[in-house]
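The structure appears right after this line, and notes come after that.
Numbered from 1 within each chain, the chains take letters A, B, ... in sequence-line order.
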Protein chains: 2
Amino acid sequence: MNIPKSTLPRVVIIGGGFAGLAVAKKLKNKNLQVVLLDKHNYHTFQPLLYQVATGGLEAGSIAYPIRKVIQEYRDFYFRLTNVQEIDTQNQKVSTEIGDLSYDYLVIATGSKTNFFGNKEIERNSMSMKTIPQSLNIRSLILENFEQAVLTQDPTEQKALMNFVLVGGGPTGVELAGALAEMKKAILQKDYPDLDMGKMQINLIQSGDRILNTMSEESSAAAHQFLESLGVVIWKNVRVTNYDGRTITTNSDLQFETATVIWTAGVQGALLAGIKGSELVDKAARIRVNEFNQVRGLNNVFAIGDIATMESDLFPQGHPMMAQPALQQGELLGENLVQLIHNKPMKAFEYNDKGSMATIGRNKAVVDLPKYHFHGVFAWFVWMFVHLFALIGFKNRAVVFLNWVYNYIRFDREGRLIIRPYKKRSFTTFTTDEL
Amino acid sequence: MNIPKSTLPRVVIIGGGFAGLAVAKKLKNKNLQVVLLDKHNYHTFQPLLYQVATGGLEAGSIAYPIRKVIQEYRDFYFRLTNVQEIDTQNQKVSTEIGDLSYDYLVIATGSKTNFFGNKEIERNSMSMKTIPQSLNIRSLILENFEQAVLTQDPTEQKALMNFVLVGGGPTGVELAGALAEMKKAILQKDYPDLDMGKMQINLIQSGDRILNTMSEESSAAAHQFLESLGVVIWKNVRVTNYDGRTITTNSDLQFETATVIWTAGVQGALLAGIKGSELVDKAARIRVNEFNQVRGLNNVFAIGDIATMESDLFPQGHPMMAQPALQQGELLGENLVQLIHNKPMKAFEYNDKGSMATIGRNKAVVDLPKYHFHGVFAWFVWMFVHLFALIGFKNRAVVFLNWVYNYIRFDREGRLIIRPYKKRSFTTFTTDEL
């Protein structure tokens with residue numbers, strides 16, 4: 001792939017997410033040759049994908065060009081490609097644009113949606129892990145409403161206005177809240193000929209509380225916030241199938257719906273070449289030691305969502321979210337420099353800064369390690385934490401401006417179907433993507 | 001298409017561009033039933049498409065949701081669809097979502113790219129009339145550079161870095177300038193391993209000056225601005241073919257290039273049902289009288305780019321740009337109300353406010369009816385005119401913020417390949433779109 005030969009040790013980083021970029025930044029001008037590979041030419045700020053999906057923000061506001069990050073780094077190379085396989089024996093990775101040998105390899109491929117093997121659900125429902133997927137959700141929501149306006153069949157209309165979100169984790173909860181806000185801010189104003197009472201937002205959760213990784217207090221508050229926004233929450237229900245028309249569950253509950261958004265599971269975005277239960281856990285995450293080293297391999301590391309560092313405190317590895325990814329990435333960057341200079345590495349210790357979720361206007365829940373709170377103040381905290389976590393002055397300014405506008409005007413202007421998701425009618429349900 | 005029956009006269013407007021929206025706004029709460037049809041659910045601010053194509057602005061900044069415009073208008077309906085045919089005999093239009101009868105019809109379908117019948121050029125080159133097309137251009141530019149980094153074949157690399165714009169009108173000139181700025185602001189920083197001397201921007205013009213609808217002074221200034229930015233201008237050259245690899249002309253000039261952007265011609269976006277040289281001119285524009293009435297039809301009107309109102313001053317109709325469209329739309333809105341109340345209509349008189357084009361940072365040309373100027377002041381005038389012409393406070397604020405950022409930082413952050421345009425290599429040139 002046309003990377004110059006060099007006498008410097010070569011570090012290959014797969015993935016430009018939170019983890020991969022954090023390593024890259026620490027390797028700036030360290031007398032290493034660094035090659036960063038990603039299938040997109042931008043970094044995605046995943047915590048705000050749901051706002052792109054619901055028209056609150058433009059895609060460009062939460063994406064940041066990777067080449068811009070490394071613009072002034074010496075001996076740094078970015079290549080836009082899909083990595084196909086890792087060959088740890090011969091120390092190389094295979095990609096769509098050729099092979100690349102490495103001295104040190106950092107696997108930071110993140111996670112992808114887990115449909116637990118159900119191909120029919122996978123085919124018919126929407127995921128929200130990337131910007132194109134989020135834009136597809138946005139298009140589909142709006143296309144369903146355009147379709148609902150046309151139909152005179154009440155069953156069809158109801159199904160088009162019925163949204164089912166599967167999974168009560170932060171993504172499902174935030175998306176449910178944002179959809180409810182979208183209903184009030186846009187849909188009921190834009191579609192005066194529709195009876196908005198028919199629009200339903202259903203959140204289906206297999207466990208007995210939503211946000212089950214957060215405190216019980218936050219779960220309860222989020223539950224109440226969602227209900228006050230009109231979201232219907234179904235607990236202890238497990239979805240069994242969705243054929244594109246009817247979603248069925250392990251209880252009597254079933255819906256006709258044109259839109260299922262699946263947030264019920266994630267798994268490591270594992271690449272070929274790393275396998276076996278010795279190396280990979282059930283969630284397709286790569287087992288690593290306290291230095292994020294892959295078992296038995298001195299020069300191969302995995303960080304972020306794709307890595308599971310099992311410990312007493314985290315028997316299944318750290319939560320799959322931004323903080324562990326950032327912290328592991330930063331430490332690994334420092335450790336790599338140490339390792340290359342034959343100096344001792346430092347073991348990873350997770351600094352739990354807490355977690356939070358926003359449900360809607362003035363409604364958020366925050367769990368700090370020793371303190372939980374929710375409501376307006378939590379919402380402001382959530383906003384400022386996310387604003388400052390964004391990369392780039394311009395993205396921060398544009399997001400801030402959008403939020404202020406959306407807040408003051410009770411509006412969201414991103415209701416644009418730039419690329420239609422599907423040309424379909426509820427009755428035929430063709431799934432040809434455009 | 002599920003439009004309620006009403007005793008009010010029904011006006012159907014095809015197209016939500018400058019002309020169509022201007023009519024719609026004038027028909028607000030006038031005791032008419034109005035149905036606005038468009039194939040997009042947003043209005044496009046076409047004059048800034050070239051900035052979307054070159055990463056200076058996000059698509060959402062120059063698009064405005066049509067439903068938001070008409071949100072509070074009584075008896076107004078929007079339908080997202082492609083109109084297929086007009087049947088003036090039976091007073092109805094056929095669309096993808098069914099037929100619709102009208103009492104009054106306003107055709108405001110605008111224009112589309114004119115390839116003058118050359119199918120091979122049409123298949124292989126890019127147009128820039130819509131937001132998706134502009135995003136395709138942006139993706140292609142960036143994909144070509146990603147590809148150029150990979151190749152070790154100097155001919156292929158040069159072709160990937162060679163951009164050919166055909167047509168020296170405002171679109172070609174503005175795009176050439178923006179590409180030259182993109183080269184300086186982004187490309188040479190983002191691709192340090194490429195020799196930027198190889199990047200060529202060629203503007204091919206069949207006549208003997210660029211911007212030939214503007215004053216000679218402005219043409220000369222624009223020419224000089226472009227050359228100072230490194231754009232190579234070819235005059236009196238007519239492109240004869242482009243096979244996806246080699247562009248040939250009526251002279252000895254030919255290039256190997258991976259990117260041809262065709263701005264050399266526009267024609268009316270004519271719908272089936274209106275035909276014959278009595279009704280339609282050679283540019284596929286519908287001949288109208290001074291009230292924008294289609295010949296022989298009392299209740300069918302055409303406005304904007306699709307209409308040609310031939311007069312002594314404008315023997316081939318008004319220029320195909322925003323101002324005539326806006327002015328015709330506004331007047332037609334008033335005239336329709338007059339007509340329906342059996343009152344006399346007012347003949348259209350074009351108020352030429354002048355024209356302008358921007359070439360780059362601090363570089364623009366402005367022709368007022370009696371006064372021409374160019375340079376920094378012209379550039380500020382251009383910016384403020386365009387800023388205030390945008391619909392919506394938020395779009396204005398976001399565009400302003402982007403421009404200030406781009407100006408101060410010599411940067412453009414929109415270098416995102418959200419949807420790849422083509423997966424192709426220069427050697428195989430597959431043209432499968434994604």
Side-chain angles (χ1 to χ4, degrees), chain A residues 1-4 40-42 55 57-61 63-68 70-72 76-81 96-98 131-132 135 142-143 145-147 149-152 186 189-193 392-395 397-398 401-402 405-406 409 411 413-420 423, chain B residues 1-4 40-42 55 57-61 63-68 70-72 76-81 96-98 131-132 135 142-143 146-147 149-152 186 189-193 392-395 397-398 401-402 405-406 409 411-420 423:
Chain A
M1 58 180 78
N2 205 12
I3 305 285
H40 297 299
N41 76 336
Y42 51 86
L57 291 175
E58 282 312 299
S61 312
Y64 197 85
I66 292 177
R67 286 191 177 275
K68 179 160 172 170
I70 62 166
Q71 226 173 43
E72 287 169 5
F76 252 79
Y77 298 88
F78 171 73
R79 291 294 179 267
L80 179 67
T81 189
E96 287 174 340
I97 55 172
I131 286 179
L135 291 172
L142 296 164
E143 287 172 80
F145 270 83
E146 292 298 333
Q147 190 91 22
V149 160
L150 299 178
T151 183
Q152 281 166 313
I186 305 180
K189 293 182 203 159
D190 275 6
Y191 298 91
D193 18 354
F393 168 77
K394 208 206 68 191
N395 280 1
V398 170
L401 199 149
N402 271 283
Y405 179 86
N406 297 349
R409 301 291 294 265
D411 200 355
E413 284 192 354
R415 56 188 101 149
L416 312 166
I417 309 173
I418 302 281
R419 311 270 186 181
K423 272 204 177 142
Chain B
M1 58 178 79
N2 205 11
I3 304 285
H40 296 298
N41 78 335
Y42 52 87
L57 290 175
E58 282 312 298
S61 311
Y64 197 84
I66 291 177
R67 286 193 178 273
K68 178 160 175 168
I70 63 166
Q71 227 174 39
E72 287 169 6
F76 252 79
Y77 299 89
F78 170 74
R79 291 294 181 266
L80 178 67
T81 188
E96 287 174 339
I97 55 171
I131 286 179
L135 291 172
L142 296 165
E143 287 172 80
E146 292 296 335
Q147 190 91 24
V149 161
L150 298 179
T151 183
Q152 283 167 312
I186 305 181
K189 292 182 204 160
D190 275 5
Y191 298 91
D193 18 353
F393 167 76
K394 208 207 68 190
N395 280 1
V398 170
L401 197 150
N402 272 283
Y405 179 86
N406 296 349
R409 300 290 294 264
D411 201 354
R412 294 165 172 236
E413 284 193 356
R415 60 189 95 150
L416 311 168
I417 308 174
I418 302 281
R419 311 270 187 181
K423 275 206 176 140

Do B/Lys394 and A/Leu401 make a side-chain contact, defined as non-hydrogen atoms from C-beta onward lying under 4.5 Å apart? yes
Would you indicate whether the side-chain heavy atoms of A/Glu58 and A/Asn402 approach each other to under 4.5 Å? no
Output the option from B/Tyr191, B/Phe393, B/Tyr64 having the highest count of non-hydrogen pairs under 4.5 Å with chain A. B/Tyr191
Could you look at A/Asp411 and say if it's the side chain, the backbone, both or neither that has a heavy atom under 4.5 Å from chain B? side chain
Option that, when pairs with chain A are counted at under 4.5 Å, heavy atom only, ranks first among B/Glu72, B/Gln152, B/Lys68, B/Arg409: B/Lys68
Need one label for A/Thr81: side chain, backbone, both or neither, based on atoms under 4.5 Å from any heavy atom in chain B. neither
Looking only at heavy atoms, the pair that brings B/Tyr42 and B/Ile66 closest together is C-CG1, 3.6 Å
Do the side chains of A/Phe78 and B/Asp190 get nearer than 4.5 Å, heavy atoms only? no
Please rank A/Val398, A/Leu150, A/Leu80 by heavy-atom pairs under 4.5 Å with chain B and give me the top one. A/Leu150
Measuring heavy-atom distances to chain A, does B/Asp193 have an atom under 4.5 Å in its side chain, in its backbone, in both, or in neither? side chain
Flag side-chain contact, heavy atom, 4.5 Å: B/Leu416 against A/Pro65: yes
Answer with side chain, backbone, both or neither: which region of A/Ile70 has an atom nearer than 4.5 Å to a non-hydrogen atom of chain B? neither
Taking it one step at a time, do B/Arg419 and B/Leu135 satisfy side chain to side chain contact (heavy atoms under 4.5 Å, CB included)? CA-CA 8 Å; B/Arg419 311 270 187 181; B/Leu135 291 172; over 6 Å; no
Honestly, the part of A/Ile131 sitting under 4.5 Å from a heavy atom of chain B is side chain
Measure A/Ile417 against the heavy atoms of chain B and call it side chain, backbone, both or neither at under 4.5 Å. both
From the list B/His40, B/Arg79, B/Met1, the residue making the most non-hydrogen contacts under 4.5 Å with chain A is B/Arg79
Looking only at non-hydrogen atoms, find the nearest pair between A/Ile418 and B/Ala59 and report the distance. CD1-CB, 4.3 Å
